[in-house]
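The structure appears right after this line, and notes come after that.
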Amino acid sequence: MSNNTKNRMTMNQLAKELNISRTTLYNIMHQKGAFSEETEKRVFKALEDYNFRANNNARNLAKHREYKIAFVGFYSMRFKYFFDEIDAGIERALADYEDDGLQIIKKYSDRENPRQQITDLKELDEQGIENFIVFCYHYEYVYPQIQKLIEKGKNVMLFSRRIPEVQPLCSVGCNDYLSGELMMELLHKFAPEGSRVQLLISEHNHHDNLVVGERLAGFYDALPKSKKRFEILENAWTSPVPEEEKGEIRRVLEERNPDVVLDFVCNLEYAARYLEERGKQNTVLLGYDVYPEIVPYIKNSTIDAVVYQDLSSQSYKAVQLMFEYICYGKRMKQENYYLPLNVVFASNCVYFECSDME
């Protein structure tokens with residue numbers, strides 16, 4: 001088999017494949033310690049077969065250095081796709097840097113239970129963890145504990161949400177204000193002059209000033225700059241309870257019959273399903289993110305476009321930056337690392353589908 005036909009394995013994977021310990025594999029690669037001639041032959045054959053590339057940071061392996069990073073986040077089963085993408089990026093970073101000694105400790109708690117997140121941060125601190133990537137929803141409860149970690153000299157990075165009054169090493173995510181401006185630009189391009197525009201915003205979004213608040217600010221600041229004039233209807237604040245929200249969205253669309261629907265709820269499928277059932281596919285429908293339930297509606301253009309943030313790349317970037325800081329001493333050059341936003345239409349949707357939909 002050609003060397004190029006097999007994917008490069010990590011040391012752990014190669015050791016498991018050969019049924020030897022990682023230490024034995026390392027010793028043979030660096031001609032140290034005791035090992036049999038037969039095992040040595042098997043290792044070097046596997047290294048050739050798998051086109052194995054010795055890590056540039058081998059000195060860390062020799063010293064058995066470990067670099068532990070705690071990723072402390074939250075989850076919501078309602079938006080499972082969101083957290084699956086984040087976790088995929090973390091695992092990808094682990095695969096790339098595991099040979100250099102990277103270890104990831106993941107702690108997730110329910111979005112509506114910030115006290116558990118506080119407990120997780122305290123316990124990790126007591127265990128001697130020095131490096132934290134923190135992803136919190138109810139920041140007003142959690143930020144005092146984050147601030148304590150920073151004051152103790154811990155390395156703290158914020159993921160996705162930038163918290164007022166907290167000075168971490170940096171934050172990694174997307175520019176939510178810009179995503180609001182992008183929504184306004186999409187409205188300008190898709191909707192004719194004078195269109196009646198309905199914004200859908202969930203009640204739980206109303207309290208999320210760090211993300212949805214920034215999106216709305218970007219949208220409303222860009223609105224007067226448009227060459228077109230639109231009639232912006234009263235915002236529809238929907239219930240955070242899925243079944244109630246579904247009914248409220250249908251009721252608002254039925255009663256107000258807007259020409260354009262802008263979804264800030266991340267439940268585009270409810271609006272798309274209603275428009276499709278009523279034969280109102282000419283209604284412009286715009287929103288955020290790409291997730292399994294809405295892909296068919298993007299592909300058939302019931303949903304005209306969405307603003308998409310690559311969550312997997314964001315979480316990978318966060319781990320990469322923290323690891324390179326603690327391992328190589330590579331300092332962050334920016335206060336906020338914003339990864340690119342994409343606009344997804346029917347024609348390019350296939351390139352942005354979540355991995356679990358493949």
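Remember, it's a predicted structure, so these values are computed and weren't measured experimentally.
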Show which side-chain atoms of residues 344-352 pair as donor or acceptor with protein atoms under 3.5 Å away, not counting sequence neighbours.
{"from": "Asn348", "atom 1": "OD1", "to": "Phe345", "atom 2": "N", "distance (Å)": "2.6"}
{"from": "Asn348", "atom 1": "ND2", "to": "Val343", "atom 2": "O", "distance (Å)": "3.2"}

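- Judged as a side-chain hydrogen bond (donor to acceptor under 3.5 Å, both in side chains), and not counting sequence neighbours, the contacts of Thr24 are Ser21.
- Residues satisfying the salt bridge (charged side-chain N to carboxylate O under 4.0 Å, His left out) criterion with Glu335, sequence neighbours excluded, are absent altogether.
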Can you give the donor-acceptor pairs under 3.5 Å from side chains of residues 295-302 to other protein atoms, not counting sequence neighbours?
{"from": "Lys299", "atom 1": "NZ", "to": "Glu353", "atom 2": "OE2", "distance (Å)": "2.8"}
{"from": "Asn300", "atom 1": "OD1", "to": "Thr302", "atom 2": "N", "distance (Å)": "2.9"}
{"from": "Asn300", "atom 1": "OD1", "to": "Thr302", "atom 2": "OG1", "distance (Å)": "2.8"}
{"from": "Asn300", "atom 1": "ND2", "to": "Glu276", "atom 2": "OE2", "distance (Å)": "2.9"}

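- Taking Asp259 as the reference, nothing meets the salt bridge (charged side-chain N to carboxylate O under 4.0 Å, His left out) condition, with sequence neighbours excluded.
- Remark: Glu277 pairs with Arg250 by the side-chain hydrogen bond (donor to acceptor under 3.5 Å, both in side chains) rule, at least two apart or across chains.
- Listed by chain and residue number, Asn257, Tyr274, Leu275, Arg278, Thr283 satisfy the side chain to side chain contact (heavy atoms under 4.5 Å, CB included) test with Lys280 (two or more places apart in sequence, or in another chain).
- With sequence neighbours excluded, the residues that form a side-chain hydrogen bond (donor to acceptor under 3.5 Å, both in side chains) with Asn235 are Tyr220.
- Every residue meeting the ring pair (Phe, Tyr, Trp, His ring centres under 6.0 Å) condition with Phe159, not counting sequence neighbours, appears here in chain and number order: Phe71, Phe135.
- Partners of Glu151 under the salt bridge (charged side-chain N to carboxylate O under 4.0 Å, His left out) rule, at least two apart in sequence or in another chain, do not exist in this structure.
- The salt bridge (charged side-chain N to carboxylate O under 4.0 Å, His left out) search around Glu165 returns none, not counting sequence neighbours.
- Every residue meeting the side chain to side chain contact (heavy atoms under 4.5 Å, CB included) condition with Leu169, not counting sequence neighbours, appears here in chain and number order: Asn155, Met322, Tyr325, Met332.
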